[in-house]
Amino acid sequence: MSHSSSTSAPVTMDAAQRPLVGIIMGSDSDLPVMREAAAMLDELGVRYEMTIVSAHRTPQRLYDYAQGAVERGLRVIVAGAGGAAHLPGMAAAITPLPVIGVPIKTSALSGQDSLLSIVQMPGGVPVATVAINGAKNAGILAAQILGTADTALLERVARYKRDLESMVMEKVALLERDAL
């Protein structure tokens, strides 16, 4: 689908072409995990942009990104971060959009530090949080949120879930056949 590394849509971009989901990460080392969110959005036909926005090293860039997200047409932000993992919470503090946090596994504490940093948000500043390295689920959740206002997208999500069920049932049949 649409993938952009810029933080602002061109003025001439048609609303139907604008990204709906912003995928941000604190560092390029988070990219292998965050690509899973992008892959799910591609599979479900959701336009997105992807970029690096460090809460600690580029705080003004974070502020500008989150402050301008609605104006650029974004509807959901997926933010992945490791360690202190302030990116999702700070984005949520700045934008009124839903923010989905992806805790990134770290070498020191296996991502538990990231998870706890993201889920310990104060009242009034929610961040939906998926499992450590759970960017795939973050992409699905972003599509489900968007699907509440887009019946075609909601049907694509439902089809994806039916396909998951079919895959499991095929494995059940194979196991039962081989066990006999």
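Just so it is clear, the structure is predicted and the values come from calculations on it, not from any experiment.
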Problem - Donor-acceptor contact present, side-chain Asp150 to main-chain Leu146, <3.5 Å - result: no
Practice task
Could you go through the side-chain contact (heavy atoms from CB on, under 4.5 Å) check for Asn133 and Glu36 one step at a time?
Solution key: CA-CA 9 Å; Asn133 284 359; Glu36 294 179 28; over 6 Å; no
Exercise for the section: Determine, using the 4.5 Å side-chain heavy-atom cutoff (strictly less than), whether Val102 and Val46 are members of one ILVMFWY cluster. Expected result: yes
Problem - Transitive ILVMFWY side-chain link Val33 to Met25, under 4.5 Å - result: yes
Completion exercise
Nearest heavy-atom contact between Leu87 and Gly80 is CD2-O, 3.6 Å
Practice task
Let me see the working for Val78 and Ile24 under side-chain contact (heavy atoms from CB on, under 4.5 Å), right down to the final yes or no.
Solution key: CA-CA 6 Å; Val78 174; Ile24 57 177; over 6 Å; no
Practice task
Using the test side chain to side chain contact (heavy atoms under 4.5 Å, CB included), find all partners of Ser29 that sit at least two apart in sequence or belong to another chain.
Solution key: Ser27
Exercise for the section: List in chain and number order the residues that pass side chain to side chain contact (heavy atoms under 4.5 Å, CB included) with Ala92, two or more places apart in sequence or in another chain; answer none if no residue qualifies. Expected result: Val99, Val125, Val127
Exercise for the section: Spell out, yes or no, whether Val130 and Tyr160 are grouped together once hydrophobic residues are joined by side-chain heavy atoms under 4.5 Å, including indirect joins. Expected result: yes
Completion exercise
Between Ser54 and Gly26 the two heavy atoms that sit nearest each other are CB-O, 3.6 Å
Problem - Gln144 vs Lys161 side-chain heavy atoms within contact, under 4.5 Å - result: yes
Problem - Pairwise side-chain contact, Asp28 with Ile52, heavy-atom cut-off 4.5 Å (strictly under) - result: yes
Practice task
Look only at the side chain of Arg35 and the backbone of Ala135, and say whether a donor-acceptor pair between them is shorter than 3.5 Å.
Solution key: no
Practice task
Using a 4.5 Å cut-off on heavy atoms from C-beta on, say whether the side chain of Leu109 contacts that of Thr106.
Solution key: yes
Exercise for the section: Flag the pair Ile77 / Tyr65 as yes when at least one side-chain heavy-atom distance between them is below 4.5 Å, and no otherwise. Expected result: yes
Between side-chain atoms of residues 163-171 and protein atoms elsewhere (two or more places apart, or another chain), which donor-acceptor pairs fall under 3.5 Å?
from   : atom 1 : to     : atom 2 : distance (Å)
Ser166 : OG     : Arg162 : O      : 3.2

Practice task
Hey, could you give me the CZ/OG1 distance between Arg75 and Thr148, rounded to the nearest 0.5 Å?
Solution key: 11.5 Å
Exercise for the section: Please name the pair of heavy atoms, one in Pro103 and one in Ala131, separated by the smallest distance, quoted to 0.1 Å. Expected result: CD-O, 3.6 Å
Completion exercise
So ring-ring contact (aromatic ring centres under 6.0 Å, His included) across residues 80-100, not counting sequence neighbours, yields His56-His86
Practice task
Using modelled atom types only, decide if a donor and an acceptor are shared between the side chain of Arg18 and the backbone of Gly73 within a distance under 3.5 Å.
Solution key: no
Practice task
Flag the pair Val21 / Leu74 as yes when at least one side-chain heavy-atom distance between them is below 4.5 Å, and no otherwise.
Solution key: no
Fill in the blank from the handout: Closest non-hydrogen atoms of Ser114 and Ala81, given as atom of the first, atom of the second and distance, are CB-O, 3.7 Å
Exercise for the section: Please check if Leu44 and Leu154 belong to a single hydrophobic cluster, counting links between Ile, Leu, Val, Met, Phe, Trp and Tyr side chain heavy atoms closer than 4.5 Å. Expected result: no
Problem - 4.5 Å side-chain heavy-atom contact, Glu49 and Arg72 - result: yes
Handout entry: Heavy-atom side-chain contact between Ile132 and Ile104 under 4.5 Å
Key = no
Exercise for the section: Starting from the C-alpha separation in whole Å, work towards a yes-or-no answer on side-chain contact (heavy atoms from CB on, under 4.5 Å) for Val53 and Thr51. Expected result: CA-CA 6 Å; Val53 181; Thr51 193; 3.7 Å; yes
Handout entry: Under 3.5 Å: donor-acceptor pair, side chain of Ser117, backbone of Ala84
Key = yes
Problem - Validation row: Thr95, Val70 side chains within 4.5 angstrom (heavy atoms) - result: yes
Completion exercise
All heavy atoms of Leu41 vs all of Ala142, minimum pair found to be CD2-CB, 4.4 Å
Problem - Those residues that, when tested against Ala39, pass side chain to side chain contact (heavy atoms under 4.5 Å, CB included) (two or more places apart) - result: none
Practice task
Look up atom CG in Leu20 and atom CG in Leu97, then write down how far apart they are to the nearest 0.5 Å.
Solution key: 11.0 Å
Handout entry: Same cluster (ILVMFWY, side-chain, under 4.5 Å), Val119 and Ile100
Key = no
Practice task
Identify, with sequence neighbours excluded, every residue that meets side chain to side chain contact (heavy atoms under 4.5 Å, CB included) alongside Ala38.
Solution key: Ile23, Tyr48, Met50
